[in-house]
Trainee: 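Have a look at the structure that comes next, please.
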Amino acid sequence: MNEVELPECGVARFLLLFEGPWATLIVRELMHGPQRFGELRDALGRISAHTLTSRLRLFEARGIVTRTAYAEIPPRVVYELTPLGWQLRPVLDAMYEWGMAAPVSAFVPEGR
């Protein structure tokens, strides 16, 4: 197995997987329980199928999400968080608390 050079900073390591807004929002939705692709896409609104697919594949490869395909007609695929994925709960809870407590001025671009 090849050695991967990871940043020494935990925040930088986190951002390797969770850059951009969709990553954390996908995990947030999966904290409601196992979901199918269409359910996730509907819950996330403007996410493209390509972006959702690529993020889910990355998360599956990194052990954050499991993908279970059922041999049914029509085929059914369900995504859910692994124990490693569930460890993100306090991170998302802290982000939520900060976002709700921050003053409105923190979200308004300067000069407006």
Side-chain angles (χ1 to χ4, degrees):
M1 183 174 164
N2 292 339
E3 293 272 334
V4 174
E5 191 171 320
L6 292 173
E8 290 187 29
C9 173
V11 173
R13 287 182 183 197
F14 177 88
L15 291 175
L16 284 175
L17 283 176
F18 292 93
E19 58 153 306
W22 294 119
T24 50
L25 296 176
I26 292 166
V27 171
R28 177 199 68 189
E29 290 307 316
L30 287 171
M31 290 202 173
H32 298 297
Q35 295 188 45
R36 297 175 73 172
F37 184 89
E39 293 171 323
L40 281 170
R41 192 178 56 211
D42 290 346
L44 293 166
R46 297 185 325 253
I47 191 169
S48 71
H50 173 78
T51 298
L52 181 55
T53 298
S54 67
R55 286 297 179 170
L56 288 169
R57 285 182 182 160
L58 176 65
F59 290 166
E60 184 181 9
R62 300 295 195 265
I64 294 167
V65 167
T66 60
R67 177 186 186 272
T68 305
Y70 295 92
E72 300 173 351
I73 297 183
R76 179 171 57 108
V77 177
V78 175
Y79 297 90
E80 64 184 303
L81 293 174
T82 64
L84 179 62
W86 278 105
Q87 289 178 14
L88 291 164
R89 172 61 131 212
V91 175
L92 268 62
D93 287 347
M95 291 169 68
Y96 172 83
E97 292 299 325
W98 185 91
M100 296 307 290
V104 173
S105 62
F107 300 96
V108 178
E110 206 171 305
R112 281 195 172 180

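Atoms considered below: every heavy atom in the structure, side chains included; atoms not considered: hydrogens, waters and symmetry mates.
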Trainee: Give a yes or no on this: more than 12 heavy atoms of other residues, nucleotides or ligands lie within 6.0 Å of atom CZ of R13.
Mentor: yes
Trainee: State, to 0.1 Å, how close F107 and A102 come at their nearest heavy-atom pair, and which atoms those are.
Mentor: CE1-CB, 3.8 Å
Trainee: Is the shortest heavy-atom distance from the side chain of L52 to the side chain of I26 under 4.5 Å?
Mentor: yes
Trainee: For T53, check side chain to side chain donor-acceptor pair (under 3.5 Å) against everything at least two apart and list the hits.
Mentor: none
Trainee: Applying side-chain contact (heavy atoms from CB on, under 4.5 Å) to R67 and L56, what does each step give before you reach the verdict?
Mentor: CA-CA 8 Å; R67 177 186 186 272; L56 288 169; over 6 Å; no
Trainee: How about T66 and V78: do any of their side-chain heavy atoms sit closer than 4.5 Å?
Mentor: no
Trainee: What's the spacing between I64 CD1 and L88 CG if we round to 0.5 Å?
Mentor: 6.0 Å
Trainee: Which residues end up grouped with I73 if you chain together Ile, Leu, Val, Met, Phe, Trp and Tyr wherever their side-chain heavy atoms are less than 4.5 Å apart?
Mentor: none
Trainee: What are the two closest heavy atoms between A23 and L17, and how far apart are they?
Mentor: CB-O, 3.9 Å
Trainee: Kindly state each residue pair satisfying side chain to side chain donor-acceptor pair (under 3.5 Å) with at least one member in residues 21-46, sequence neighbours excluded.
Mentor: none
Trainee: Provide the full list of ring-ring contact (aromatic ring centres under 6.0 Å, His included) pairs with a residue in residues 52-76, sequence neighbours left out, each pair given once.
Mentor: F18-F59
Trainee: Going by side-chain contact (heavy atoms from CB on, under 4.5 Å), name the residues that satisfy it together with L15, two or more places apart in sequence or in a different chain.
Mentor: V11
Trainee: Taking atom types as modelled and ignoring hydrogens, do the side chains of S48 and T51 form a donor-acceptor contact shorter than 3.5 angstrom?
Mentor: yes
Trainee: Considering all heavy atoms of both residues, which atom of A49 and which atom of F37 are nearest to each other, and what is their separation?
Mentor: O-CZ, 3.7 Å
Trainee: Can you tell me how far CG of L16 sits from CG of L6, rounded to the nearest 0.5 angstrom?
Mentor: 6.5 Å
Trainee: Any pair with a residue in residues 80-102 that passes side chain to side chain donor-acceptor pair (under 3.5 Å), sequence neighbours left out, goes on the list, sorted by first then second residue, please.
Mentor: none
